[in-house]
Amino acid sequence: MNHKIPFVDLNLQHQPIQNQLQQAIQAVLSQGDFILGKALSDFEAAFAAASGTKYGIGVASGTDAIALGLQACNIGAGDQVILPANTFVATLIGVLRAGAEPVLVDCDPQTALIDLEAAAKAITPQTKAIIPVHLYGQMVSPQKLLDLADTYKLLIFEDAAQAHLAEREGYRAGSVGIAAAFSFYPSKNLGAFGDGGMLLTRDSDVAQKMKRLRNYGASQKYFHVELGTNSRLDTLQAAVLLEKLPHLRQWNRDRLTIAQYYDAELAPLASAGIISMQNHSSNGHVYHLYVLKVEDSCLLERQQIQDKLTAVGIQTGIHYPIPCHLQPAFTDLGYKQGDFPQAEKLANQILSLPMYPGLNRNQIKEVVAAITSSLGSEPQKLLCI
Ligand SMILES: *Cc1c(COP(=O)(O)O)cnc(C)c1O
């Protein structure tokens, strides 16, 4: 289906720098260093520096950055790892692949970020690490995380797949914990022309181990010291990402501006039960997604609003419709409906609006006007509580 206002539009991002991107790709073709080539090490250094940390190790996906990254931090069998129930399944998959025991906790309904009080209650003597997921582009409070980690002697492993260059309380995503996983899936704030991921760390032991794990466990060519795999970020993808990186700050600023327009335009609908997710990190939120809640007090259900937007050519998304603990793949973990009431409620209420650099003010007005008219009336007349 062709949408008048799509959920994301990557062409707007790529067209202005198309020549540079093509030159970067051509350079790799000429060089022929497709695996672990120069553009990869250049991009690893550049992205680590931009994120305020030391080492970057490029891998095949964000999922591998989590799974191998946890292993590189020596988190595995016998260890419990705390993570939010309302994340993309890849966070949970990564923990399970590392051989650790996942312990899910609920979230804060105002931000959808992990509830750190619930996390504190879930800590046992086996708890080795906590994975804050910087969901939608907003960091989990670094100060509170560091306090928690300090009190209970936990490692912090950030899932920063949605938070490239996000900031909060003077910290940048990827620089808070022992290590952080990023994804360069095409629609992320910094996206490749295919799959890609990276682990960032300031710990040289973690970096060295990660380099081995992504390269068959080899410490040098044909000398294998542990069970690794083949998971490298292609030099071609790194060349594209290296070319895009200098634009990321501006793209993130554009996202913030768009979010601020949405906030202002949507404010009158609060009384009708349309509530935007809260930003607790002022200008440091990088708005990978702009998410609102259709509260139970609203005249319409989330599905009805989404259908009406689709009907007028506005594409939306739901991130995510089923919390991890209710996914059929993970019934073995023993969770059930009702275990994480906030995450379950959010899954039914959230709606992600179009969000991408280049989305203009008129389009934003059009999206909000379509929501308003889906409610069937002027917002002031919709005091439906
Ligand atoms: C995208 C994403 C991942 C996984 O990244 P891939 O590159 O798709 O494997 C992990 N965690 C979160 C929160 C994500 O949004």
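First listed ligand is number 1; within each ligand, the first listed atom is number 1. The chain is numbered in sequence order, starting from 1.
- With sequence neighbours excluded, no residue satisfies ring pair (Phe, Tyr, Trp, His ring centres under 6.0 Å) with F157.
- Y335 pairs by the ring pair (Phe, Tyr, Trp, His ring centres under 6.0 Å) definition with F340, not counting sequence neighbours.
- One N or O on the side chain of E158 and one on the backbone of G177 form a donor-acceptor pair closer than 3.5 Å.
- When all heavy atoms are compared, the tightest approach of A118 to V105 is O-CG1, 4.0 Å.
- The side chain to side chain donor-acceptor pair (under 3.5 Å) test applied to D115 returns no partner, not counting sequence neighbours.
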Exercise answer, ligand 1 polar atom pairs (N/O) under 3.5 angstrom:
unit_1: ligand 1; atom_1: 5 (O); unit_2: S183; atom_2: OG; d: 3.3
unit_1: ligand 1; atom_1: 7 (O); unit_2: G62; atom_2: N; d: 2.8
unit_1: ligand 1; atom_1: 7 (O); unit_2: S183; atom_2: OG; d: 2.6
unit_1: ligand 1; atom_1: 9 (O); unit_2: G62; atom_2: N; d: 3.3
unit_1: ligand 1; atom_1: 9 (O); unit_2: T63; atom_2: N; d: 2.8
unit_1: ligand 1; atom_1: 9 (O); unit_2: T63; atom_2: OG1; d: 2.5
unit_1: ligand 1; atom_1: 11 (N); unit_2: D159; atom_2: OD1; d: 3.3
unit_1: ligand 1; atom_1: 11 (N); unit_2: D159; atom_2: OD2; d: 2.8
unit_1: ligand 1; atom_1: 15 (O); unit_2: Q162; atom_2: NE2; d: 2.8
unit_1: ligand 1; atom_1: 15 (O); unit_2: K188; atom_2: NZ; d: 2.9

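- Ring-centre distance between H164 and Y185: not below the 6.0 Å cut-off.
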